Amino acid sequence: MLKSNSFKIFSLLFVAAYVVAAQKEEFTCPSTIANGQYADPATCRRFYQCVDGFPYLNRCPSGLYFDDLQKFCTFKDEAKCGPLATTPATVTEAPADLAKKCDTSECQLPYCFCSKDGTQIPAGLEADKIPQMIMLTFDGAVNLNNYDHYLKIFNGKRKNPNGCNIRGTFFMAHEYSNYQQIQHLGYAGHEIATQSISQQQGLQDKGYEEWVGEMIGMREILRNFANVSVNEVVGMRAPFLKPGRNTQYKVLEDFGYIYDSSITVPPVPVPVWPYTLDYKISHECKSGTCPSKTFPGVWEVPLNTHYVEGYEGGHCPFLDQCVLHNLDENEVLEWLQEDFSRYYEQNKAPYMMPVHTNWFQTKPLENGLHKFLDWALELPDVYVVTISQMLQYMTDPKELRDVSQIDAWKCDKNVAVASKPCNIWNTCALPFKIPEQNITDTRYMETCRECPNVYPWLGDAGGTGIQGRDSYIFSGPVQEADGEPVEE
C-alpha cells in the first residue's frame with residue numbers, strides 16, 4: 001500500500017510545481033461537470049484545476065507559463081496566455097443511439113470484437129496463458145523539450161522477452177514539431193499517429209471538412225516533412241480526448257484509419273479491452289461525444305482510467321493528470337505498480353501509459369517511469385509494444401508460448417515507417433499568418449526536406465502559400481454524420 005498523503009482528492013492536473021490551496025478565491029468553474037484546467041485571469045504563471053465544480057489554484061513550475069490552448073505549462077515563447085476567447089458550441093440534441101448491444105455470436109475475430117462489459121479476453125483465452133502488453137503513448141509535438149527524454153526510454157537496452165527492442169506510439173500535433181526528429185522516431189520503428197494540426201478546442205463540435213483538414217492534413221504534413229508513409233499512419237487521437245461524435249469516425253472510415261484512441265473509460269474494477277465499433281460501446285462515455293452509430297471494423301483503443309486504492313493522487317486517463325509530483329521516484333514506482341496490477345492480476349487487458357511532455361519536467365516522475373519499465377520488463381510475460389502491434393495480436397490472439405509466431409513482433413521484421421533521416425537538416429524560418437487575425441508571425445520548423453514557402457497549416461499541408469489548395473480524396477462516397485447530410 002502506498003504511503004498516505006494528506007492531499008487525497010479526486011483531482012486531475014497537468015503537472016505543476018505544487019498545489020497552492022484548495023480554496024475558491026474569486027474564480028468560478030464553468031459548471032459542476034466542467035472538469036479541467038482553466039487559465040488564471042490574473043497571471044499566466046497560474047491556472048485552476050476544476051474538479052466537480054470546485055477550483056484548485058495551481059502554479060506552473062519555475063520558468064514555465066500556462067498555455068490556455070493546450071492546457072499545460074510550457075516555455076514563455078510557446079505559451080498562449082489566457083483566458084482565450086472561445087466560441088460557444090452550438091446547442092443540438094444528442095443523436096439517437098443507433099448501435100445495438102454486443103452480439104458475440106455474430107461478432108467474430110479478426111474483423112469484429114466486443115463483449116458484454118468489455119472485460120472479456122479475446123478468443124476466450126485464460127489470463128495466465130497470454131502476454132501482458134504495455135503501450136507507451138506520447139501526445140503533442142516532438143521537439144527539443146522532449147526528444148532526448150524519449151530516447152532515454154527507447155535506449156536500445158530495454159528489450160521484450162523475445163529480445164526485440166521496445167517501441168512506442170506518438171500522436172503527433174503540428175505546431176513546434178521537429179520533423180527531422182519525428183523522422184528518426186519513424187525510422188526506428190515507433191508508430192506515428194495523428195492528433196491534429198492546430199489542436200483547436202471545440203473540434204468535437206465541428207463538421208466533416210474540419211476533421212478531414214485536421215487529421216488528414218496532419219498525415220500529409222508528416223508525409224511531406226518527416227517522410228512518414230501515409231499507409232503507416234493508421235491511428236488517431238482527438239485533441240483533449242474529445243471524440244468528434246459520428247463525424248470523426250466517418251473520417252476514420254473514409255480515409256483508411258484502423259483505430260482511434262480517444263474514448264476514456266471511467267474508473268472500473270476490471271479494465272476494458274479494445275473493441276471494434278460494430279456494436280454499442282459497453283462502458284460509460286464520459287466525454288458525451290462518443291459515436292452513436294456503428295462503424296464496422298474500426299477499432300477503438302480506449303484509455304482506461306489510472307488510479308490506485310483510495311484514489312491517492314486522483315484518477316486520470318493521462319498519467320500526468322494525476323497528482324503524483326509530490327511523490328518521490330520510489331513512490332511513483334509503487335503507484336504505477338499498484339495501477340498495473342489491476343490489469344496483470346485480472347484479465348491482462350493492454351496497459352496503456354499515455355503521457356505528455358509535462359511528465360518529464362519533474363524528475364521523480366521521469367525516474368519513477370524508468371524504474372517501472374525496468375521492473376515490468378523483468379517479468380517473463382510483459383511486452384512493450386505499439387498500439388498497432390497490440391491490435392495485430394488481438395486480431396489473432398495467441399498464448400504466450402506462441403508469441404514467436406506473431407509476425408509484427410519479430411525482431412527481423414522491417415519496422416521503419418519513415419525513410420532514413422538526414423544528418424544535416426534544414427531549419428526553416430517561415431511566415432505564418434495567424435488564423436482569423438491580420439498578423440503575420442514567424443514559425444521555425446526542422447526537416448530533412450527543402451523548406452516550404454510558408455509554415456504548413458490547415459488547407460496547405462505542403463506550405464505552398466496557396467490557401468485552401470489541399471483536396472483530400474476519401475475511399476468512398478460521403479455519407480451522413482450525426483443524422484445530417486455532409487457537405488462536399
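Just so it is clear, the structure is predicted and the values come from calculations on it, not from any experiment.
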| task | Sort out for me which residue in C112, C102, C114 forms a disulfide (SG to SG under 2.5 Å) with C107. | result | C112
| message | As a test of understanding, state which of R158, E329, K152 forms a side-chain hydrogen bond (donor to acceptor under 3.5 Å, both in side chains) with H370. | response |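 Only one of R158, E329, K152 forms a side-chain hydrogen bond (donor to acceptor under 3.5 Å, both in side chains) with H370, namely R158.
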Taking the ring of [Y] and the ring of [X], is the distance between their centroids below 6.0 Å?
X	Y	value
F170	Y150	yes
H174	F225	no
W211	Y208	no
H190	F138	no

| said: Measuring only between side-chain heavy atoms, which start at C-beta, is P274 closer than 4.5 Å to M394? | reply: yes
| Do the side chains of Y259 and L252 get nearer than 4.5 Å, heavy atoms only? |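 They are not in contact (no side-chain heavy atoms under 4.5 Å apart), so the answer is no.
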With no hydrogens and no angle check, do the side chains of [X] and [Y] hold a donor and an acceptor under 3.5 Å apart?
X	Y	answer
T276	E300	no
S341	E338	no
Y249	D260	yes
N162	S404	no
H184	Y179	no
Q132	D381	no

Main-chain N/O of [Y] paired with [X] side-chain donor or acceptor, under 3.5 Å:
X	Y	value
Y393	K398	yes
R223	M218	no
T395	Q392	yes
Q248	G244	yes
T294	P296	no
N224	A461	yes
D254	V251	no
N160	G163	no
S177	A173	yes
W409	Q389	yes

Atom pair [atom1] ([X]) and [atom2] ([Y]), whose distance is rounded to the nearest 0.5 Å:
X	Y	atom1	atom2	answer
D139	T357	CG	OG1	9.5 Å
Q321	T305	CD	OG1	9.5 Å
L222	Q183	CG	CD	10.5 Å
T137	Q195	OG1	CD	9.5 Å
L377	Y383	CG	OH	10.5 Å
I197	E175	CD1	CD	10.5 Å

| query | When the ring planes of F340 and Y344 are compared, do they come out parallel, tilted or perpendicular, using 30° and 60° as the limits? | reply |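 Judged by the thresholds at 30° and 60°, the geometry between F340 and Y344 is parallel.
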| task | Begin with the C-alpha distance, continue with both residues' side-chain angles, and end with the deciding distance and a verdict on side-chain hydrogen bond (donor to acceptor under 3.5 Å, both in side chains) for T289 and S287. | result | CA-CA 5 Å; T289 59; S287 68; 3.1 Å; yes
| task | Mind running side-chain hydrogen bond (donor to acceptor under 3.5 Å, both in side chains) on D339 and H306 for me, showing each step along the way? | result | CA-CA 6 Å; D339 183 45; H306 296 275; 2.5 Å; yes
Any chance [atom1] of [X] has more than 12 other-residue heavy atoms, nucleotides or ligands included, within less than 6.0 Å?
X	atom1	value
K286	NZ	no
Y147	OH	yes
K420	NZ	no

| task | Test side-chain hydrogen bond (donor to acceptor under 3.5 Å, both in side chains) on T194 and Y257 and set out the steps. | result | CA-CA 10 Å; T194 56; Y257 280 78; 3.1 Å; yes
| message | What verdict does the side-chain hydrogen bond (donor to acceptor under 3.5 Å, both in side chains) test give for E191 and T169, after you've listed the backbone C-alpha separation in whole Å, the side-chain angles of each residue and the deciding distance to 0.1 Å? | response | CA-CA 5 Å; E191 182 175 10; T169 299; 3.1 Å; yes
| message | Under 4.0 Å between a side-chain nitrogen and a carboxylate oxygen: does that hold for D103 and K100? | response |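 Between K100 and D103 there is no salt bridge, as every charged N stays at least 4.0 Å from the carboxylate O atoms.
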| request: Would you mind checking if K348 and D128 are paired as a salt bridge, meaning a charged N to carboxylate O distance below 4.0 Å? | output: no
To check you understand the geometry: which heavy-atom pair defines the closest contact between [X] and [Y], and what is its length?
X	Y	result
I153	I166	O-CD1, 4.0 Å
P271	N347	O-ND2, 3.0 Å
P161	L379	CG-O, 4.2 Å
G156	N165	O-OD1, 3.6 Å
S105	Q108	O-NE2, 3.5 Å
S198	W457	CB-CZ2, 3.6 Å

| query | Could you walk me through whether L391 and I387 pass the side chain to side chain contact (heavy atoms under 4.5 Å, CB included) check? | reply | CA-CA 6 Å; L391 289 177; I387 290 181; 4.2 Å; yes
| Derivation and outcome, side chain to side chain contact (heavy atoms under 4.5 Å, CB included), residues L365 and L369 | CA-CA 6 Å; L365 295 181; L369 175 60; over 6 Å; no
| request: Starting from the C-alpha separation in whole Å, work towards a yes-or-no answer on side chain to side chain contact (heavy atoms under 4.5 Å, CB included) for H283 and V268. | output: CA-CA 9 Å; H283 57 83; V268 290; 6.0 Å; no
| said: Whether R237 engages the ring of F171 as a cation-pi pair (distance to the six-membered ring centre under 6.0 angstrom, angle to the ring normal within 45°) should be assessed. | reply: yes
| request: Output, in order, the C-alpha distance, side-chain angles, deciding distance and verdict of ring-ring contact (aromatic ring centres under 6.0 Å, His included) for F154 and H149. | output: CA-CA 9 Å; F154 304 106; H149 295 291; over 10 Å; no
